[in-house]
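The structure appears right after this line, and notes come after that.
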Amino acid sequence: MTEDPLRDPHFFADPYPTYERLRQDCPVRRIPAGSGGHPAYLITGHPEAREAFTDPRLSKDTARFFDGRPSNRDLHPAIARNMLASDPPAHTRHRRVATPLFTTGRVRELRPFITRVVDDLMAAWRPGSEVDLVADLAVPLPVTVVCELLGVPESDRATLAGWSRDLFDATDTERVDAASHRIGDHLEHLVDTARASPGEGPLHSLARDCDAGGLDRDETVSLAALLLIAGHETTTHFIGNAVLALLRHPEAFDRLRRDPDLVPGALDELLRFDSPVSVATFRHSTQDLRVGGVDIPAGFPVLIAPGAANRDPAAFPGPDRLDLDRDAGGHLSFGHGIHRCPGAPLARAEAEIALRALVTRFPEVRAAVPPDSLTWRRTRLTRGLAALPLAL
């Protein structure tokens, strides 16, 4: 190929025709410019993606790949070397500390707090008025929840959310690098303060858990950074994409209006239909391997696209149709294998509570602008709207 198909100017607004074409031609293909300008392999088929997610020959150790290779990037170490950018045994140590934060029981304890946040955010909404679902709900809800989980002061939360959005900007690497240092430096200060003084706050607890789990100070900062960034960016897009999908499929929206108890069962199909994760984070081949009948040599970046795999008709017949009766439990929006998102239970709880509140309190809600006027974030990793104006 002579060009990267993911750089099509129409890709961010609607990636699915591109994904369909790529998957039909070949679900595993080499593209000329992947991560950092390196040629890469792109996986768009569902069975091939599941296989690749669990293949230990595909490493997530980013530092190992770029060691000795020229690079013009300057990411903060806490961002560049977090749990998502590591393999076992380092990954195992990080995950052992992170997983208890998101158990079913812990999320159940958080549900009343999540409900209060949604109530507070919707308190100013009035029938007949207009709101931006992204700015007025989908961004502040997960930011508030994850910052509460980590003990980030309220005065810092909006600033950190802005830096996190900058971190996913696919068009400006200097902006991404600068945001990584702002987040990393700020969390270093918060973690150092917690480690230096006794207390019972969330960051104090995280620091103690990290010490008990064998994580050093820099690893503690990297884990906090990952929880902050991954804990709200994808959930923001989950909520925004789900509401837009329902607005575009009024029969499905009507079902949830009539019976809000259907919302929990609809989440997997909403995640499948328009995944908040378009392309999974960096992997590279450490050995020659074969995926989907295609040979991938050692030493290449490999991009797994859940957004494409979730629309594979081999796994989900009629994949471009939103079907709330579909068994969509095999979607890959949270990943698969040892790197599956540990925060999935929290993301599902936040989306469920937000959607239930929306369909219950504002049953006449509709889009306030034509669909073709919506602006999508320009990022390859996540897929989400810059804004979603609603008429209540």
Side-chain angles (χ1 to χ4, degrees), residues 1 4-8 10-31 34 40-55 57-58 60 234 237-238 241-242 244-246 248-249 252 265-283 285 289-296 300-341 344 347-348 351 376 379-384:
M1 297 185 64
D4 181 350
L6 303 191
R7 296 191 185 279
D8 183 315
H10 304 293
F11 177 80
F12 294 106
D14 185 5
Y16 298 109
T18 299
Y19 281 150
E20 181 181 10
R21 174 174 57 81
L22 295 175
R23 193 174 50 246
Q24 287 180 344
D25 290 347
C26 184
V28 180
R29 64 168 58 226
R30 179 166 166 164
I31 60 175
Y41 283 82
L42 175 66
I43 300 177
T44 53
H46 188 276
E48 295 83 4
R50 278 180 60 92
E51 177 184 348
F53 270 131
T54 58
D55 195 315
R57 294 169 295 180
L58 290 177
K60 297 198 98 255
T234 52
H237 299 328
F238 178 7
N241 295 359
L244 179 61
L246 291 169
R248 288 176 166 174
H249 296 80
L267 296 179
D268 279 328
E269 173 65 355
L270 291 165
L271 280 163
R272 181 206 68 80
F273 183 77
D274 202 359
S275 174
V277 178
S278 188
V279 176
T281 50
F282 184 87
R283 285 169 170 79
S285 53
L289 68 152
R290 189 172 179 83
V291 179
V294 174
D295 292 322
I296 300 177
F300 279 83
V302 176
L303 308 177
I304 306 173
N310 287 343
R311 294 281 189 108
D312 187 345
F316 304 103
D320 296 328
R321 183 182 71 254
L322 183 69
D323 181 0
L324 299 189
D325 294 320
R326 184 197 306 273
D327 179 2
H331 71 78
L332 299 176
S333 294
F334 291 128
H336 182 60
I338 65 169
H339 289 283
R340 188 179 189 278
C341 176
R348 294 177 67 93
W376 293 84
T379 161
R380 293 176 65 156
L381 291 179
T382 58
R383 170 166 167 77

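It should be emphasised that the depicted structure is a prediction, and the values quoted were computed from it without experimental measurement.
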Partners passing ring-ring contact (aromatic ring centres under 6.0 Å, His included) against H339 (at least two apart in sequence or in another chain):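 With neighbours one apart ignored, the set is H91.
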
Set of ring-ring contact (aromatic ring centres under 6.0 Å, His included) partners for F238, sequence neighbours left out: none

Would you say that [X] contacts [Y] through its side chain, given a criterion of any heavy-atom pair below 4.5 Å between the two side chains?
{"X": "T379", "Y": "T382", "result": "yes"}
{"X": "V28", "Y": "T44", "result": "no"}
{"X": "W376", "Y": "N241", "result": "yes"}

Show your working on side-chain contact (heavy atoms from CB on, under 4.5 Å) between L271 and F334 and close with a plain yes or no. CA-CA 9 Å; L271 280 163; F334 291 128; 3.6 Å; yes

Working to the nearest 0.5 angstrom, can you tell me the gap between S285 OG and L58 CG?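 Reported to 0.5 Å precision, the distance equals 6.5 Å.
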
Let me confirm one number: the NE2-CG distance from H331 to D312, rounded to the nearest 0.5 Å.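 One gets 15.5 Å once the value is rounded to the nearest 0.5 Å.
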
Could I get the full list of salt bridge (Lys or Arg N to Asp or Glu O under 4.0 Å) partners for R57, not counting sequence neighbours?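 For R57, the residues satisfying salt bridge (Lys or Arg N to Asp or Glu O under 4.0 Å) (neighbours in sequence not counted) are D55.
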
Tell me, please, which residues at least two apart from R348 pass salt bridge (Lys or Arg N to Asp or Glu O under 4.0 Å).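 For R348, the residues satisfying salt bridge (Lys or Arg N to Asp or Glu O under 4.0 Å) (neighbours in sequence not counted) are D268.
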
With sequence neighbours left out, write down each residue that passes side chain to side chain contact (heavy atoms under 4.5 Å, CB included) with [X], or none if nothing qualifies.
{"X": "A49", "value": "I43, I304, A309, L332"}
{"X": "T281", "value": "K60, L84, L381"}
{"X": "V277", "value": "T234, S275, P306"}

Are the side chain of R30 and the backbone N or O of Y41 linked by a donor-acceptor pair below 3.5 Å?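 Judged by distance alone, no pair lies under 3.5 Å.
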
The criterion is side-chain hydrogen bond (donor to acceptor under 3.5 Å, both in side chains); which residues satisfy it with [X], sequence neighbours excluded?
{"X": "H46", "answer": "none"}
{"X": "R383", "answer": "D274"}
{"X": "R290", "answer": "D295"}

Flag for S278-Y19: side-chain donor and acceptor within less than 3.5 Å: yes

Determine all donor-acceptor pairs shorter than 3.5 Å in which one atom belongs to a side chain in residues 313-322; sequence neighbours excluded.
{"unit_1": "D320", "atom_1": "OD1", "unit_2": "R311", "atom_2": "NH1", "d": "2.8"}

Salt bridge (Lys or Arg N to Asp or Glu O under 4.0 Å) pairs, two or more places apart, involving residues 324-339: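 Every pair satisfying salt bridge (Lys or Arg N to Asp or Glu O under 4.0 Å) with a residue in residues 324-339: R255-D325, E269-R326.
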
Nearest non-hydrogen partners of G307 and Y16, listed with the distance: O-CE2, 3.3 Å

Apply side-chain contact (heavy atoms from CB on, under 4.5 Å) to residues R29 and V294 and explain how you reach the verdict. CA-CA 8 Å; R29 64 168 58 226; V294 174; over 6 Å; no

Can we call the ring centroids of H249 and F273 under 6.0 Å apart? yes

